[in-house]
Amino acid sequence: MSQPRVYYFDNNATTRVAPEVVDAMVPFLRDFWGNPSSAYGFGAQVHKHVEDARAKVGALIHADPKEVLFTSCGTESNNSAIHSALVTTGKRHVVTTKVEHSANINFGEYLEKRGFEVTYLPVESDGSLDLHLLEKSLRPDTAIASVMYANNETGVILPIEEVAAICRSKGVLCHTDAVQVPGKLKIDAKALGVDFLSLSAHKLHAPKGIGMLYVKRRTKFQPYVIGGHQEKGRRGGTENVSNIVGFGRAAELAIASLDDENTRVRGMRDRLENHILTHIPNTVRNGAKEPRLPNTTNIAFDFIEAEAVLTRLDLLGICASSGSACTTGSLDPSHVLSAMGLTPMRARGSVRFSLGIYNTDEDVDYLLAHLPKIIQQLRDISPLSPEHPDNERYNIEAARQKHEADLAHALKEEDPVTA
Ligand SMILES: Cc1ncc(COP(=O)(O)O)c(C=O)c1O
């Protein structure tokens with residue numbers, strides 16, 4: 001397979017596996033393929049490398065290696081945390097937010113169908129979370145609150161330390177989905193005060209199919225994948241050794257690349273965002289400017305469909321994404337942008353650009369050389385010109401005011417919105 005030249009602006013979807021990570025993994029595919037649970041030396045030497053990787057991943061989040069549980073992905077980590085909390089506490093209520101990844105939203109819906117109750121907290125129009133709403137949502141029968149650390153679509157960072165403190169004061173377990181955070185922000189699981197924290201290796205230049213769940217020491221844990229005694233009895237299944245080793249190497253690299261993400265990558269992201277907002281009319285950033293991940297920008301291009309923009313970019317080898325899910329021919333607007341009160345039309349015209357350490361200024365120049373023309377061409381042929389009568393659908397100010405009113409109403413209510 002030949003490798004086409006891609007201009008990759010979709011690092012929140014997945015990341016290129018670092019060459020250093022590949023190099024670290026190869027021996028465990030080719031030579032050291034023993035089962036880490038085997039008692040003989042050929043297995044034991046592999047086991048040692050699994051434990052080295054555990055220590056490295058622990059160091060990434062300031063956790064003790066014993067608190068690191070390897071899983072198959074971020075989704076499994078999130079599901080496992082919530083499942084464990086429900087089983088060990090025997091309680092039946094879960095709190096999460098409307099802007100979580102589908103790993104939480106769809107798991108919540110699965111739980112609801114089985115008689116559990118799930119509260120999906122609304123967010124402000126900039127994607128931030130009202131902590132009073134969180135506090136009011138926690139009940140004596142709440143097993144766990146699961147609130148993401150940083151949003152994958154907008155990059156907006158949520159106040160997890162405060163979330164965890166509120167949970168602690170109410171005797172509720174706290175989980176955070178930190179999948180988008182490593183390499184971009186320092187993570188200190190202990191200082192955050194959470195009971196559970198999820199990561200996924202493919203977001204930090206390691207392969208797909210490996211994740212981890214931080215389980216704070218002395219937190220009761222009920223396995224989600226039941227089988228052998230691997231992971232000290234907390235997850236059945238023979239360890240994915242090469243991926244675990246790759247994850248460990250990527251964790252070391254992520255610590256080392258924090259500065260680059262926060263200076264060079266942030267600078268490229270800001271240049272891209274500022275250029276779009278100042279040179280392309282009828283554009284707006286979705287979500288708060290700060291606190292935000294240094295690599296992410298999500299921009300609404302009014303009067304056009306994001307999917308059309310992405311198709312044109314794709315023809316030029318440029319990868320970006322929208323939050324829209326294309327299902328059976330109809331485009332659902334992103335649930336994240338909808339929860340922030342964007343009109344469906346504006347949400348459908350929104351594109352996420354997420355940069356990474358392998359991006360260069362030349363990539364940004366290339367994107368900026370083409371994007372304004374693409375937007376103009378699409379607007380020229382769009383039936384939704386600003387004068388078009390349908391454009392009352394663009395009454396964005398009215399939508400924002402309605403969203404604020406809904407939030408104020410939710411705050412007044414005893415029990416927040418249960419979707
Ligand atoms: C915030 C967030 N949580 C969870 C996941 C799921 O991770 P995985 O693909 O490893 O299951 C993702 C992946 O996009 C994500 O962005």
Side-chain angles (χ1 to χ4, degrees), residues 8-17 21 57 60-61 68-83 96-110 120-121 123 127 129 144-158 160 163 175-185 187 192 194 196-214 224-225 235 237 240 243-244 246-247 250-251 254 286-287 291-298 319-325 334-337 339-340 352-356:
Y8 192 71
F9 292 92
D10 205 14
N11 283 273
N12 289 8
T14 197
T15 55
R16 170 185 168 185
V17 180
V21 169
V57 173
L60 176 65
I61 59 166
V68 172
L69 170 60
F70 287 118
T71 64
S72 67
C73 58
T75 302
E76 184 191 322
S77 302
N78 284 12
N79 290 184
S80 302
I82 295 171
H83 167 264
T96 188
T97 78
K98 288 188 172 182
V99 294
E100 300 296 314
H101 188 268
S102 51
N104 264 25
I105 302 285
N106 291 346
F107 193 59
E109 285 168 10
Y110 167 90
Y120 302 89
L121 295 171
V123 295
L129 178 68
I144 188 166
S146 175
V147 176
M148 70 195 326
Y149 199 161
N151 186 270
N152 44 304
E153 290 189 29
T154 60
V156 170
I157 294 168
L158 298 180
I160 299 306
V163 168
H175 164 254
T176 189
D177 173 346
V179 162
Q180 291 295 341
V181 181
K184 301 166 192 160
L185 297 182
I187 305 178
L192 285 174
V194 292
F196 302 103
L197 179 149
S198 303
L199 295 186
S200 176
H202 74 100
K203 311 289 185 180
L204 59 135
H205 305 288
K208 295 154 194 65
I210 185 77
M212 81 107 225
L213 180 66
Y214 160 83
Y224 185 61
V225 178
R235 181 183 187 271
N240 188 340
N243 275 10
I244 288 174
F247 193 1
N286 295 320
R292 187 168 50 136
L293 295 176
N295 75 319
T296 309
T297 178
N298 190 311
C319 309
S321 74
S322 71
S324 310
S334 141
H335 72 278
V336 172
L337 300 181
M340 289 160 58
R352 174 186 73 184
F353 301 97
S354 50
L355 288 76

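Everything numeric in this text was worked out from a predicted model, so none of it was measured. Order of appearance sets the numbers: ligands from 1, and atoms from 1 within every ligand.
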Nearest atoms (heavy-atom pairs only) where Ala81 meets Ile144: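 Scanning both residues, the minimum pair turns out to be O-CD1, 3.8 Å.
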
Heavy-atom closest pair, residues Gly287 and Val156: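 Looking at all heavy atoms of both residues, the shortest contact is CA-CG2, 4.0 Å.
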
Ring geometry between His175 and Phe196 (parallel below 30°, tilted from 30 to 60°, perpendicular above 60°):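 The arrangement is tilted - the two ring planes meet at 30° to 60°.
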
Could you list, one pair per line, each nitrogen or oxygen of ligand 1 together with any protein nitrogen or oxygen closer than 3.5 Å, giving atom names and the distance rounded to 0.1 Å?
unit_1: ligand 1; atom_1: 3 (N); unit_2: Asp177; atom_2: OD1; d: 3.3
unit_1: ligand 1; atom_1: 3 (N); unit_2: Asp177; atom_2: OD2; d: 2.6
unit_1: ligand 1; atom_1: 9 (O); unit_2: His202; atom_2: NE2; d: 3.0
unit_1: ligand 1; atom_1: 10 (O); unit_2: Gly74; atom_2: N; d: 2.8
unit_1: ligand 1; atom_1: 10 (O); unit_2: Ser200; atom_2: OG; d: 2.6
unit_1: ligand 1; atom_1: 10 (O); unit_2: His202; atom_2: NE2; d: 3.4
unit_1: ligand 1; atom_1: 11 (O); unit_2: Gly74; atom_2: N; d: 3.4
unit_1: ligand 1; atom_1: 11 (O); unit_2: Thr75; atom_2: N; d: 2.9
unit_1: ligand 1; atom_1: 11 (O); unit_2: Thr75; atom_2: OG1; d: 2.6
unit_1: ligand 1; atom_1: 14 (O); unit_2: His101; atom_2: NE2; d: 3.3
unit_1: ligand 1; atom_1: 14 (O); unit_2: Lys203; atom_2: NZ; d: 2.5
unit_1: ligand 1; atom_1: 16 (O); unit_2: Gln180; atom_2: NE2; d: 2.8

Donor on one side chain, acceptor on other, Ser146 and Glu100, under 3.5 Å: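 No, because no side-chain N or O of Ser146 sits under 3.5 Å from a partner of the opposite role on Glu100.
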
Asn295 versus Asn12, side-chain donor and acceptor atoms under 3.5 Å: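 Distance-only check passes for Asn12 and Asn295.
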
Approximate separation, where rounding is to 0.5 Å, of Leu129 CG and Leu158 CG: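 The CG atom of Leu129 sits 6.0 Å away from the CG atom of Leu158.
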
